[in-house]
Amino acid sequence: MSELNKIALKVLSNGKGILAADESTGTMTKRLESVNVSSSPENRLLFRETLFSSESMKNCIGGVILYDETIRQTSNSNKTIPELISSSGVIPGIKVDTGAKILAGSIKEKITEGLDGLRERLEEYYKLGARFTKWRGVYNISNKYPSKLSIHSNAHALARYSALVQECKMVPIVEPEVLMDGNHSAEDCFNKTSKVIKKCFEELILHNIDLTGIILKPNMILAGISSDKKISSKEVAKLTLKCLKETVPTDVPGIAFLSGGQTEMEATENLNLINKHNNTNFIMTYSYGRALQKSALKFWSKDIKDIKGTQKIFNHRANMCTLAAQGKWSAELEKK
Ligand code: 13P
């Protein structure tokens with residue numbers, strides 16, 4: 001077993017999942033302002049530190065994805081943030097892309113940037129304690145999109161990123177996110193997500209990536225947010241499993257879904273059914289941002305000093321997701 005495979009399995013095994021706390025300062029500012037908290041470095045740290053020192057870090061969370069600002073911050077207990085996370089047996093990770101910009105040649109689509117100088121940044125992040133990384137490619141669905149150009153160029157960037165990350169002895173999370181925005185059908189999402197993931201693996205293989213040392217972070221197969229043809233959770237699970245079984249090479253150890261704008265409950269229920277019917281060899285777990293943090297953030301915003309109360313809400317959500325990652329969640333357990 002390679003060292004990279006060991007890291008990936010440590011992050012994903014036994015129902016553990018990933019806390020995606022890597023919102024850029026711009027996104028975090030939007031999140032904080034939506035609950036009327038001002039977005040200062042201190043407030044961003046306080047909220048995140050509250051989550052990072054909660055009980056569920058030990059039982060539910062295998063890895064935390066950090067943002068550049070956070071990995072350099074020091075906690076109240078005088079530990080660096082990676083030290084605080086590691087003290088619960090959790091592996092620190094880091095977002096390394098620098099965001100999605102307009103894709104020249106297809107002005108309505110985006111290409112993720114951040115390859116220039118990446119090798120040097122990765123060496124620094126490794127020294128700061130990171131052992132895995134994240135890069136997100138983003139794709140829109142419409143009758144014309146995602147275009148061949150966007151599918152090709154984002155896959156190429158994900159593969160070049162992954163090669164640099166593995167060279168630096170870290171596990172790359174490969175995140176091709178086909179967005180929920182739009183009124184497309186689930187079938188359309190299935191077909192386009194399948195194309196996107198196939199192309200990603202074509203490029204990963206071309207770049208000699210050790211597939212046993214990556215984590216795939218895809219979207220689930222859903223109808224668009226404004227579609228009037230929503231499908232049931234059972235159907236989501238069935239289509240998601242079919243898509244991944246057909247497109248992901250069996251060497252990949254695990255898949256950690258993004259929540260992508262689903263409610264906390266949808267993201268939990270869908271993951272639970274995916275695991276109940278998992279007919280693949282992949283670990284299927286979560287790498288949620290909003291679907292792990294939303295209720296905790298709302299509660300915290302009412303009294304940012306109520307650490308214990310906020311942690312209680314977060315612990316519950318993380319426990320529910322970890323049950324779902326084992327196919328053991330039920331709606332009754334939500335009420336307890
Ligand atoms: P959401 O779960 O809120 O979609 O965030 C996950 C993530 O890391 C997006 O890049």
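One-based numbering, in listed order, for ligands and for the atoms of each.
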So which of Ala256, Ser259, Ala267 gets nearest to atom 1 (P) of ligand 1, if we judge by its closest heavy atom? Ser259

In terms of its nearest heavy atom to atom 7 (C) of ligand 1, the top option of Gln293, Arg136, Gln262, Lys217 is Lys217

Protein heavy atom at shortest distance from [atom]:
atom	value
atom 5 (O) of ligand 1	Gly289 N, 3.6 Å
atom 10 (O) of ligand 1	Lys134 NZ, 2.6 Å
atom 9 (C) of ligand 1	Glu175 OE2, 3.3 Å
atom 4 (O) of ligand 1	Gly260 N, 2.7 Å

Under a 3.5 Å threshold, yes or no: a donor from one side chain and an acceptor from the other, between [X] and [Y]?
X	Y	answer
Thr212	Asp251	no
Gln293	Glu23	yes
Ser77	Ser75	yes
Arg44	Ser39	yes

Could you give the distance from OG (Ser153) to NZ (Lys110), rounded to the nearest 0.5 Å? 14.0 Å

Should you measure from each heavy atom of Tyr288, which atoms of ligand 1 turn up under 4.0 Å away? 2 (O)

Glu124/Arg72 salt bridge by N-O under 4.0 Å criterion: yes

Contact region, Ala20 to ligand 1, non-hydrogen atoms below 4.0 Å, reads side chain

